[in-house]
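Written below as structure tokens is the structure these notes are about.
One-based numbering, in listed order, for ligands and for the atoms of each. The structure presented is a predicted model; accordingly, all values stated were derived computationally and were not measured.
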Amino acid sequence: MTATILTENRDGVLVVTLNRPDKKNAINVEMWVEMRETFKAAAEDDAVACVLLCGAGGHFCAGVDLSGFGDAFSDKEYPFESAARAVVEFDKPLIGAVQGVAVGGGATVLFHADIVYVGESLRMRLPFVSLGLAPEWGSSYMLQANIGAQRAAELFYTAQWIDADKAVNCGIAAAVLPDANLFNHALAKATEIAQWPLNSLRETKRTLRMHHLEAIDAAINAEQAVWKRQAGSPENIEAITAFMEKRPADFRNL
Ligand code: COA
């Protein structure tokens, strides 16, 4: 079976590639587990100075795999929270190289990246209200912290599409590049970072992130409680069914 996460250490930069290109790298149970184990191992490995996170096939990530969404609210152990926390707690620089689709968890993971470079093709969206859900991955806190409450609220409540220029202008991303140059630019920056002493990179990240970690923890706990209420609700089931049936959702009769 093909790995859902590919890794390659390039001179201290661990390139982590989300790898389900036929599903726009939507994250299924297997990928959550591989993501968790990848970030935990990268934190422990002194040969890794930083991680460069990207997606296979010209897209970053379409978020949670909606075809297996029932598992997210069944009694089965669903590895989302442990994977999300492994990324949040990763204590070395995390750099994103993001093009094409970045939706749901494929967007909110980026709010925990230290630097995000986006390609001109970026199509980012926080679709939670349109799915009968609410924000996840600490994004209810982190997006406000990154871009301010007003801008965050507009993006969450409207579920509008965010293009590359908007992502940079509002502070979600550091720079926009032509898609063809995106990976090499991000890798060059990550390589520049990886030359510095590991302890110094770790301590720098600690000073940058320590103000946020308690708030992110509280946000994830609150969000998980909301997801337990909303996942499997009539509006959520209608939204998921509509997606699988490739039709617009109809919330009018709920
Ligand atoms: N879960 C499961 N499958 C997904 C998926 C997801 N989150 N996102 C995309 N796919 C699948 C599609 O069903 C399609 O599969 P098929 O070829 O077997 O029909 C394939 O990936 C390609 O996606 P498609 O919808 O044809 O691409 P697009 O460019 O028209 O649209 C998106 C891309 C991301 C805008 C659209 O797929 C989408 O809205 N996906 C859901 C995103 C989402 O809400 N994620 C959950 C957040 S909590």
Pair T4, E30: side-chain N/O donor-acceptor within cut-off below 3.5 Å |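 Note: T4 and E30 side chains miss the donor-acceptor criterion.
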Any nitrogen or oxygen of [X], side chain or backbone, less than 3.5 Å from one on ligand 1?
| X | value |
| --- | --- |
| L66 | yes |
| A26 | no |
| W227 | no |
| L133 | no |
| K24 | yes |
| E136 | no |

Determine, using heavy atoms of K246 and all atoms of ligand 1, whether some pair is separated by less than 4.0 Å.
-> yes
Close approach of H59 to ligand 1, heavy atoms, under 4.0 angstrom = no
In ligand 1, which numbered atoms sit nearer than 4.0 Å to a non-hydrogen atom of G104?
->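 Atoms satisfying the 4.0 Å criterion: 47 (C).
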Near V103 (heavy-atom distance under 4.0 Å), the atoms of ligand 1 are 42 (C), 43 (C)
Which word best sums up how the rings of W137 and H112 line up, parallel for under 30°, tilted for 30 to 60°, or perpendicular for over 60°?
->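 The arrangement is tilted - the two ring planes meet at 30° to 60°.
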Write down the atom of [X], the atom of [Y], and the distance for their closest heavy-atom approach.
| X | Y | answer |
| --- | --- | --- |
| A83 | W32 | CB-O, 3.4 Å |
| S121 | D179 | OG-OD2, 2.6 Å |
| A190 | C50 | O-SG, 3.6 Å |
| C54 | F183 | SG-CE1, 4.0 Å |
| Y141 | A219 | CB-CB, 3.7 Å |

Report the part of D65 (side chain from C-beta onward, or backbone N, CA, C, O) that has a heavy atom under 4.0 Å from ligand 1; answer both or neither where that applies.
-> both
Note: E37-K40 ion pair, threshold 4.0 Å (strictly below) =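 Salt bridge flag = no for K40 with E37.
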Look at [atom] and say which protein heavy atom is nearest, naming residue and atom and giving the distance to 0.1 Å.
| atom | answer |
| --- | --- |
| atom 7 (N) of ligand 1 | V64 O, 2.9 Å |
| atom 32 (C) of ligand 1 | V101 CG2, 4.5 Å |
| atom 16 (P) of ligand 1 | K23 NZ, 3.7 Å |
| atom 45 (N) of ligand 1 | A62 O, 2.9 Å |
| atom 35 (C) of ligand 1 | W161 CH2, 3.6 Å |

For [atom], state which one of [options] supplies the nearest heavy atom.
| atom | options | value |
| --- | --- | --- |
| atom 44 (O) of ligand 1 | L131, L126, D22 | L131 |
| atom 39 (O) of ligand 1 | F60, F243, W137 | F243 |
| atom 31 (O) of ligand 1 | R125, R123, M244 | R123 |

Pairing residues for R151 by the side-chain contact (heavy atoms from CB on, under 4.5 Å) criterion, not counting sequence neighbours = I147, C170
Side-chain contact, heavy-atom cut-off 4.5 Å: R206 with D91?
->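 A side-chain contact under 4.5 Å is absent here.
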With sequence neighbours excluded, residues passing salt bridge (Lys or Arg N to Asp or Glu O under 4.0 Å) with D22 = none
Could you check R20, K23, K24 and say which one makes a salt bridge (Lys or Arg N to Asp or Glu O under 4.0 Å) with D65?
->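 For D65, the salt bridge (Lys or Arg N to Asp or Glu O under 4.0 Å) test succeeds with only one of R20, K23, K24, which is R20.
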Non-hydrogen protein atom less than 4.0 angstrom from atom 1 (N) of ligand 1 | yes
